[in-house]
2 protein chains.
Amino acid sequence: MTTEENIINAAKEVFVRKGFQGAKMQEIANEAGINKALLHYYFRSKEKLFEQIFSGAFQQLIPTLSKKLDETTDLETFIRFFVPFYTNFIQKNPHLPQFIINELSQNPDRIRNLAATKVFPFPKLSRMITQAVAENKIRPIENEQLIINILALIIFPIVAKPMIEGVIFNQNAESYQNFMAKRSDEVIETILNSIKPQKN
Amino acid sequence: MTTEENIINAAKEVFVRKGFQGAKMQEIANEAGINKALLHYYFRSKEKLFEQIFSGAFQQLIPTLSKKLDETTDLETFIRFFVPFYTNFIQKNPHLPQFIINELSQNPDRIRNLAATKVFPFPKLSRMITQAVAENKIRPIENEQLIINILALIIFPIVAKPMIEGVIFNQNAESYQNFMAKRSDEVIETILNSIKPQKN
DNA sequence: GTCTATAAGGTGATAGAC
DNA sequence: GTCTATCACCTTATAGAC
């Protein structure tokens, strides 16, 4: 592993754990097993380092999703694919959504350009929902409400992990893991039930 | 308004906007229209000031909820009360959940004692759900899954506001407000639909 | 490329005048 | 109670030897 890759991995870890302000160059250097000066040798400043890390974070995610959306026409099929797929991605990058939310609310300009199109392929899914409603396959619901419902059910339990472990599971990490193992199926069932067409 | 109240209001604002690390005593002083020294005169340290702020944040919330839970036996009735009530509280304190989540994941010890019992009256609601399942009033679902579903649908759109405004609504603040105005009803409908007993 | 040393500026906290 | 001035420390960034 090159020094540069080494730094990137260390920085990703620290940035995402501490946020931009909380992350210290010294801590990144320690984590990478080098010294501060070398950080500035490879990446002129903390800002530059940050941008490099962040712009790469979502690059694995969006192409896959867009492709799947192009191949799929049925909303239920897409949801059954999307929920475990996105859950899995976020479980592998558990601090990422919280990090994005934090940075967007503290310094929107820093990552707005980066985040705008890379977080979620919104328009395609939106059209799919509109169509499903028009065809009476699901109950009437606004695109945005349904999309936020899905994202909320997936993302919240991961972002709020420390809160949930503390308040709901009394600091019991095993209970939380147990809970998360069943989460994906539960979200699918919750979503599909919630949009079933109403009986007349 | 006394200087002390002044400081508390300013500090609440800044802490919740920037997190513990990001909040600077100078910024709090500016926001309060005084100087740094006076902060330390009233509250010995940044830590002390922080504790004072935080421990007061939830004190209005929990008593009301507990009382309502004692008065209510029907789950649907409670949900119809709880969703708009909690939504309203969080809209008035929009940065609070994000703040708690952040601080819990960055320095759990700092607020664990404060947060543990004050965020949510979990056990009472849990028993109510167990009973509703046993009586076939709702489909089989684990208490924790349902409670997290409810909290997720309420809290996420507020915590993730900057992300949603950016990605879903193209920086259009009015669209977001419009979305939030309908949110409470939508959450109730989503939740109640999602737990309807299954047909045989 | 990698290091040590240090500059330049910020941050929490205190001393002391009024 | 409120202020100015200042201390001690920390953080980013750079200079310069190897």
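We name chains A, B, ... by the order of the sequence lines, and we start the count at 1 in each one.
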Nucleotide D:dA13, atom C1' - distance to CD1 of A:Ile28 in whole Å: 14 Å
Neighbour count >12 (heavy atoms, 6.0 Å) for atom CD, B:Glu71: yes
Nucleotide-resolved protein contact map, nucleotides 3-18 of chain C, B/S/- at heavy-atom distance under 4.0 Å: BB------SBBBB---
Protein-nucleotide distance (B:Glu4, atom CD; D:dT2, atom P), rounded to Å: 10 Å
Any B:Thr3 side-chain N or O less than 4.0 Å from OP1/OP2 of D:dG1: no
Under 3.5 Å: donor-acceptor pair, side chain of B:Glu189, backbone of B:Glu186: no
Lys/Arg cation over aromatic B:Phe20: B:Lys46, 6.0 Å, 45° cone: yes
Rounded distance in Å - CZ (A:Phe43) to C1' (C:dT2): 15 Å
Ring center gap for B:Phe99 and B:Phe50 short of 6.0 angstrom: yes
For B:Glu4, all residues meeting side-chain hydrogen bond (donor to acceptor under 3.5 Å, both in side chains), sequence neighbours excluded: none
Contacts of type side-chain hydrogen bond (donor to acceptor under 3.5 Å, both in side chains), residue B:Thr130, not counting sequence neighbours: B:Asn143
